[in-house]
Amino acid sequence: MTFHGVLFFPVTPFDAGGRLDESTLAAHIAGGVDAGAGAVFAGCGTGEFHALSGDEMEAVARVAVASAAGRTPVYAGAGGPLPVAVEQVRRLAEAGVDGVLLLPPYLVGGTQPGVVDYVRQVAAATDLPVVFYQRANAVLTPEAAAEVSRIPTVTGIKDGVGNLELMHRIVLAVRQAAGPGFQFFNGLPTAEMTVPAYRGVGVPLYSSAVFAFAPEIALGFYRAVVTGDDTLRDELLERFYAPLVELRDARPGYPVALVKAGVRLRGLAVGGVRAPLTDPAPEHVDRLAELIEEGLKVVHA
């Protein structure tokens, strides 16, 4: 499966009692697909994968598949302890998703052969395409990345590390091992800030958390990048994305909590975040509202 366009990472809505709100999730995903998402990645980092039970994760996947209605690919998150990840990918297949984003194992740091074996065993549990998300305690060397790329159902690597020199070597090693069809993703928070740099090392795809609450801004930025409109691209980076990163770094957990606050600001009642995350301070929500208004001014100028 070849991806194009802006990759949508929806939030996971909770109701006033803290329970999964499936109807709001359906509206959130359908709205993103209507806006032009290139793919939906449900229940992943922005979707609070870490805070969902197995039943909730399967429900999120089913809602995403139904809401996308075949209009765009739907991937869902899996990861954590090996037996849990294996069970998750089997349940996701039953839910009808098109593929899996495999997050790192829980807490423990392993050797490179151990990380490769983790990916291999999870991938062996499903026929679904698997994109491996390298970050935290599961960062690949170029040699290990090449080995992962040879696993039949692994079709991509998403980078959440930000080491461009390492990522460039990974791209070169994997191209030799797996050929040009293997896909690479920029998975850094507020990935738009590093899109030009990642494209330079052969990583054109990226996660857009901004798309979840301001698809107009995210799509404007994407069009500027692919059409070579450097003026618009740089204006959005300067007036919207760079200040957003500064706000995002104000407190731990804001890469998720601010996104959810942004969705609420745009009129969808998705609730707050689950512990250990905390919702943004009121002054930070006010600042986010100002930034959204500024970004919309740029794309609508």
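All figures in this text were calculated on a predicted structure; none of them were measured in a lab. Note that the numbering runs from 1 along the sequence shown for the chain.
- Here the straight-line distance linking atom CG of L232 with atom CZ of F221 works out to 9.0 Å at 0.5 Å rounding.
- Smallest separation of non-hydrogen atoms from P243 and R287: CB-NH2, 3.8 Å.
- The number of heavy-atom neighbours closer than 6.0 Å to CG of N163, taken from other residues, nucleotides and ligands shown, is above 12.
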Verdict with reasoning, Y198 to M167, per side-chain contact (heavy atoms from CB on, under 4.5 Å) = CA-CA 9 Å; Y198 268 81; M167 196 60 200; 4.1 Å; yes
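- Using a 4.5 Å heavy-atom cutoff, the side chains of V139 and L166 are in contact.
- Between the E48 side chain and the V11 main chain, no donor and acceptor come within less than 3.5 Å of each other.
- Atom CD of E290 is surrounded by more than 12 heavy atoms from other residues, nucleotides or ligands within 6.0 Å.
- Proximity of a side-chain donor or acceptor of D98 to a complementary backbone N or O of V74 within less than 3.5 Å is detected.
- Scanning both residues, E216 and V299, for their nearest heavy atoms gives O-CG1, 4.0 Å.
- Listed by first and then second residue, the salt bridge (Lys or Arg N to Asp or Glu O under 4.0 Å) pairs involving residues 102-112 amount to none (not counting sequence neighbours).
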Apply the test side chain to side chain donor-acceptor pair (under 3.5 Å) to residues T194 and N186: give CA-CA distance (whole Å), side-chain angles for both, the deciding distance (0.1 Å), then the verdict.
-> CA-CA 8 Å; T194 53; N186 171 1; 2.9 Å; yes
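- How far CD of Q176 is from OG of S149: 10.5 Å, rounded to the nearest 0.5 Å.
- For the pair R251 (side chain) and L247 (backbone), a donor-acceptor distance under 3.5 Å is absent.
- Under the 4.5 Å side-chain heavy-atom criterion for Ile, Leu, Val, Met, Phe, Trp and Tyr, F14 and L277 are members of distinct hydrophobic clusters.
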ring-ring contact (aromatic ring centres under 6.0 Å, His included) assessment of F213 paired with H28 = CA-CA 9 Å; F213 64 87; H28 181 41; over 10 Å; no
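- Within the 4.5 Å cutoff, side-chain heavy atoms of L288 are placed close to those of L265.
- With hydrogens and angles ignored, the 3.5 Å screen pairs a side-chain donor or acceptor of R264 with a backbone N or O of G271.
- Considering every non-hydrogen atom in both K260 and T12, the closest pair reads NZ-O, 2.6 Å.
- Considering only heavy atoms from C-beta on, E165 stays 4.5 Å or farther from V201 through its side chain.
- Using a 4.0 Å cut-off between a side-chain N of Lys or Arg and a carboxylate O of Asp or Glu, R62 and E22 do not qualify as a salt bridge.
- Counting only N and O atoms by type, the side chains of R135 and Y133 include a donor and acceptor under 3.5 Å apart.
- Distance alone, capped at 3.5 Å, places no donor-acceptor pair between the T153 side chain and the P129 backbone.
- In this structure the side chain of V210 reaches within 4.5 angstrom of the side chain of Y241, judged on heavy atoms.
- The distance from atom CD of Q112 to atom CD of E143, rounded to the nearest 0.5 Å, is 8.5 Å.
- Between F49 and E56, every side-chain heavy-atom pair lies at or beyond the 4.5 Å cut-off.
- Nearest approach of T278 to A257, heavy atoms of both residues: O-CB, 3.4 Å.
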Show your working on side-chain contact (heavy atoms from CB on, under 4.5 Å) between V89 and L128 and close with a plain yes or no.
-> CA-CA 8 Å; V89 296; L128 292 172; 5.7 Å; no
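- The two residues V174 and I157 make their nearest non-hydrogen contact at CG2-CD1, 4.4 Å.
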For Q134 and F132, what are the C-alpha separation, side-chain angles and deciding distance, and is it a side-chain contact (heavy atoms from CB on, under 4.5 Å)?
-> CA-CA 6 Å; Q134 70 156 8; F132 176 62; 3.8 Å; yes
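- Taking OG1 of T24 as the start and CG of D15 as the end, the distance is 8.5 Å to the nearest 0.5 Å.
- Contacts classified as salt bridge (Lys or Arg N to Asp or Glu O under 4.0 Å) and involving residues 74-93 (residues at least two apart or in different chains) are given here: D55-R91, E58-R91, E87-R91.
- Contact check for V119 versus L102: side-chain heavy atoms found under the 4.5 Å cut-off.
- Atom OG1 of T126 and atom CG of L92 lie 8.0 Å apart (nearest 0.5 Å).
- Side-chain contact check for Q183 and T2: no donor-acceptor pair (N or O, by modelled atom type) lies under 3.5 Å.
- L20 and V273 fall into different hydrophobic clusters, where Ile, Leu, Val, Met, Phe, Trp and Tyr are joined by side-chain heavy atoms under 4.5 Å apart, directly or via other members.
- The salt bridge (Lys or Arg N to Asp or Glu O under 4.0 Å) contacts involving residues 197-213 comprise nothing, where partners must be two or more places apart or lie in separate chains.
- Remark: the backbone N or O of F240 is not paired with any side-chain donor or acceptor of E294 at under 3.5 angstrom.
- I217 and V245 fall within the same hydrophobic cluster, defined by Ile, Leu, Val, Met, Phe, Trp and Tyr side-chain heavy atoms under 4.5 Å apart, directly or through other members.
- Between V122 and V130 there is no side-chain heavy-atom pair separated by less than 4.5 Å.
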Audit row: V259, F9, side-chain contact (heavy atoms from CB on, under 4.5 Å) steps and yes/no | CA-CA 10 Å; V259 174; F9 284 69; over 6 Å; no
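- Residues Y222 and F211 keep their aromatic ring centres 6.0 Å or farther apart.
- Separation of atoms CD1 (I151) and CG (D117) is listed at 8.5 Å; rounding is to 0.5 Å.
- Looking only at distances, no side-chain donor or acceptor of R150 sits under 3.5 Å from a matching main-chain atom of A177.
- Of all heavy-atom pairs spanning A145 and I170, the tightest one is CB-CG2, 3.7 Å.
- Listed for the H300 side chain is a donor-acceptor partner under 3.5 Å among the backbone atoms of L296.
- Under the 3.5 Å distance criterion, the side-chain polar atoms of R274 are matched with a main-chain donor or acceptor of A51.
- Y106 and N137 share no side-chain donor-acceptor pair at under 3.5 Å.
- Side-chain contact check for F185 versus S207: every heavy-atom pair is 4.5 Å or farther apart.
- Annotation: cation-pi pair R175/F182 absent, no NZ/CZ under 6.0 Å from the ring centroid and within 45° of its normal.
- Ring geometry for F41 against Y75 counts as tilted: the plane angle lies between 30° and 60°, on a 0 to 90° scale.
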